**Student:** 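Structure provided below as C-alpha cells; questions to follow.
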Amino acid sequence: MLEVTQINTFRGPAHILHGLTLSVNEQEVVCLVGRNGAGKTTTIDSIMGLLPLRSGQIVFHGENITGLAAHMRARRGMGYAPEDCGIFPELTVEENLMISRWLANASGRVKEAAFTGSDAQERAFSVFPEVRTLTHREGLHLSGGQKKMVAIARAMTLSPSLLLLDEAFEGLAPAVVTRFIDAVIKIKEMGISILMAESNLANASRIADRLYAIDRGEIIFHGDPKEALKNEEVMKALRG
Amino acid sequence: MHDARVVAARILVLVPAGAWVLLAPAALSPYLLIIWCYALIFSIACLGLNLVFGTTGLLSLGHAAYFGAGAYAGAFLYRFADIHSFEVYFLVGILTSTLLAAGIGFLCVRATKIHFAILTLAFGQIFHSLFIDGAIFRLFGPLGWALYLVGEGSMYIPRLTILGIEFEPEEFIPAFYYVIVFAFCASVFLLWRINHSPFGKALRAIRDNQTRAVYIGIPVRQYRWYAFTISGVFLGLAGALYGQLDRQITPEQLDWLFSAELVLATVLGGTRDFIGPVLGAFVFIGLDEIAGRWAIGHNIMMGLLLMLVVFVFPRGLAGTLDLVPGIRKVGLLMKRKWL
C-alpha cells in the first residue's frame with residue numbers, strides 16, 4: 001500500500017533522513033521506533049507531504065505521490081494525527097470533525113468505500129465513544145488524552161486507508177495507553193493500515209505487526225517486534 | 001424543536017429590529033435616513049471584508065478597489081450604454097468587482113501575513129491610480145477622456161429605475177432604503193450561512209493553523225482564493241449601493257485610506273464575532289458624523305473618539321458586549337441552530 005524508497009529529507013540545512021526505506025501493507029500496523037531526534041516525525045511529515053523530499057520516492061496505492069501536495073495526499077486516503085494533535089482550538093470538536101466529514105464527501109473517497117462521511121464519523125465514534133460526549137467542547141478546552149482521541153477520530157472521519165500516528169501514546173497514563181492500543185487494534189480490524197511513530201519499544205511491540213527502528217535518520221532494524229527486543233544494537237540505539 | 005427561551009430571545013431581538021427597519025423612513029429625518037443607509041452599506045462592506053480578515057486571517061488593505069469597482073462599473077454602463085435600470089447597474093457592479101477580486105485574489109493568496117497585506121495594498125493602489133490618472137477613462141475614447149477632465153475621475157450616477165419604476169426625487173431615498181435593507185438582510189443571511197458552513201469552518205481552520213489545515217485535506221490556497229472572491233462580491237454589492245445612494249463615485253472610494261477605514265471599523269466591532277463588523281460600521285459612521293460637527297478639527301476629533309472607543313471596548317464592541325451576562329445569554333440563544 002505504501003512504499004517509501006530511499007528518501008532524503010532536510011530541515012533547513014540539516015540532513016535528517018538518509019536514504020530511508022520502509023513499507024506498509026494492507027491492514028497492517030507498522031511501528032517506527034526511535035528515540036527523540038531520531039527522525040520519526042520527519043519521516044511521517046515527509047510521507048504526509050509536509051516536508052519536501054530532496055530525493056527518493058513515495059508510492060501510495062501504486063501511485064507515485066512524491067510531488068503531490070499534502071492536502072491531495074489526505075484526499076487520497078492518508079489520515080494524520082500529529083504529535084501535538086493538531087486540534088483547532090477555536091473550533092468545537094463537532095466543527096473539527098465536520099470539516100473532515102465534508103472534505104471526505106467532497107473528495108469522493110467515501111464513494112469508493114461505500115459509506116458517507118457521517119458513516120466514517122460513526123466508525124470513529126465506535127473506536128472512541130468518549131468523543132461523542134465532547135462534540136460541543138472547544139478544542140482549547142480538551143485534555144491531552146481527549147485531544148489525542150479527537151485527532152485520531154478526525155483523521156478517521158476523512159475515511160483513510162492509511163493512518164499516520166505520531167507519538168499517539170506520549171504523555172498518556174499507562175491505563176490510557178492500553179485503551180489507545182485497543183483502539184488501534186480496532187481501527188486495524190476496520191481495514192485501515194497504520195504507521196505509528198513511537199519512542200517506547202515496549203508499547204510498540206504490543207501493537208505492531210512489523211517494526212522499523214530508526215536512528216539518526218537511518219533504518220537500523222526491520223522485522224518482528226519480538227526480534228527487536230532481543231537485538232542489542234536496537235536497544236542501545238533506543239536508550240541513547 | 002426550539003425551546004421557549006430560544007424563541008423568546010429571537011422575538012426579543014428580531015421583532016423590535018424588524019419594526020425599526022420598517023419604520024425608519026417615517027421615524028428619521030431625510031438626512032438621518034441617508035446616514036442610516038450609509039451605515040447599512042458600510043456594514044455590508046465590513047462583513048464582506050471580515051470573511052477574508054477575521055474568518056480567514058488575512059489582512060487586506062486593498063478592498064476599497066472592489067467597493068469602488070461596484071459603483072464605477074455601473075456608472076460607465078449608464079454613461080456609455082444609456083441603461084437606466086438599477087438592477088442591471090447593480091448586477092454589472094457586482095460582476096465587475098467579483099471578477100476583479102478573483103483576478104487580484106488569485107495572485108495575492110500566494111502570500112500570507114504582512115506580505116499579503118502589502119500585495120493587496122499594491123494592487124489596490126494600482127487600481128486607484130488608473131482612475132486618478134484617467135487611464136481607465138482613456139479606454140472609452142474622447143468622451144471618456146472628457147468625462148475624466150470634467151470630473152477629475154469622479155462620475156455621476158443618476159437616479160435609476162427600481163423594478164422599472166421611476167421614483168420622484170423626494171420618494172427615491174425612502175424607496176431605495178428598502179433596497180438597501182433587503183441587500184443588507186440578504187448579505188447577513190448569506191455570510192452567516194457561509195461562516196457556519198463546513199467551508200467557513202475550513203477558513204477558520206486555515207486562520208488558526210495553515211499546516212494543520214493542509215494535512216486534514218483542506219486546499220488552503222484555493223479556499224483563500226474563494227474567500228477573497230466571495231468577499232469581493234459583497235464589497236461590489238456595497239459599492240454599487242453606495243454609488244446609487246450618493247449619486248456619484250469618486251477615486252476617494254478606491255483609495256487605501258478607505259480600505260483602512262473598512263479595516264478600522266471591522267476591528268472596532270470585533271473580527272471574531274459575526275456581528276462585530278456590523279456594530280463597528282454603525283459606530284464608525286456615528287463617530288464620523290459626530291466628529292463632522294467640528295469643521296476644522298474633524299480628523300483630530302475622529303481620532304480622539306476612536307481612541308476612546310478602543311480604550312473602553314478593548315475586546316471590540318461585540319467582544320465587550322459579550323461580557324454583559326444578559327446580552328451574552330441572548331446572543332448564545334440567537335446563535336442556536338436555525339430550523
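Here is the naming used below: chain letters follow the sequence lines, and residue numbers restart at 1 for every chain. Treat the numbers as computed from the prediction; the structure is a model and nothing was measured.
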**Student:** Find the distance between CG (A:Leu2) and CD (A:Glu26) and round it off to the nearest 0.5 Å.
**Tutor:** 10.5 Å
**Student:** Using non-hydrogen atoms and a limit below 4.5 Å, what part of residues 219-227 of chain B faces chain A?
**Tutor:** B:Pro219, B:Tyr223
**Student:** Tell me whether A:Arg132 forms a cation-pi arrangement with A:Phe128, defined as NZ or CZ under 6.0 Å from the six-membered ring centre and within 45 degrees of its axis.
**Tutor:** no
**Student:** Where along residues 48-59 of chain A does a heavy atom come under 4.5 Å of chain B, listed by residue number?
**Tutor:** A:Met48, A:Leu50
**Student:** The test is side chain to side chain donor-acceptor pair (under 3.5 Å); show your working for B:Asn50 and B:Thr271 and say whether it passes.
**Tutor:** CA-CA 7 Å; B:Asn50 204 39; B:Thr271 56; 4.9 Å; no
**Student:** When the ring planes of B:Phe42 and B:Phe258 are compared, do they come out parallel, tilted or perpendicular, using 30° and 60° as the limits?
**Tutor:** tilted
**Student:** Could you give me the CA-CA distance, side-chain angles and deciding distance for A:Arg101 and A:Glu94, then say whether salt bridge (charged side-chain N to carboxylate O under 4.0 Å, His left out) is met?
**Tutor:** CA-CA 10 Å; A:Arg101 199 169 61 223; A:Glu94 165 58 20; 3.2 Å; yes
**Student:** Determine yes or no for a side-chain-to-main-chain donor-acceptor pair under 3.5 angstrom, with B:Arg110 supplying the side chain and B:Phe106 the backbone.
**Tutor:** yes
**Student:** Please answer whether the main-chain N or O of A:Gly217 pairs with a side-chain N or O of A:Lys40 as donor and acceptor at a distance below 3.5 Å.
**Tutor:** no
**Student:** What do the steps show when you test A:Asp45 against B:Tyr215 for side chain to side chain donor-acceptor pair (under 3.5 Å), and what is the final call?
**Tutor:** CA-CA 10 Å; A:Asp45 283 355; B:Tyr215 62 65; over 6 Å; no
**Student:** Based on non-hydrogen pairs under 4.5 Å, which of A:Leu91, A:Leu164, A:Asn96 is most in contact with chain B?
**Tutor:** A:Leu91
**Student:** Is there a donor-acceptor pair under 3.5 Å between the side chain of B:His63 and the backbone N or O of B:Ala65?
**Tutor:** no
**Student:** Side chain, backbone, both or neither: which part of A:Arg73 has a heavy atom under 4.5 Å from chain B?
**Tutor:** neither
**Student:** Sort out for me which residue in B:Arg272, B:Arg212, B:Lys201 forms a salt bridge (Lys or Arg N to Asp or Glu O under 4.0 Å) with A:Glu90.
**Tutor:** B:Arg272
**Student:** Judged by atom type as modelled, is there a donor-acceptor pair below 3.5 Å linking the side chain of B:His196 to the main-chain atoms of B:Trp192?
**Tutor:** yes
**Student:** What residue, out of B:Ser197, B:Ala205, B:Ala202, has the most heavy-atom pairs lying under 4.5 Å from chain A?
**Tutor:** B:Ala205
**Student:** Mind ranking A:Ala69, A:Pro82, A:Gly79 by heavy-atom pairs under 4.5 Å with chain B and telling me who comes out on top?
**Tutor:** A:Pro82
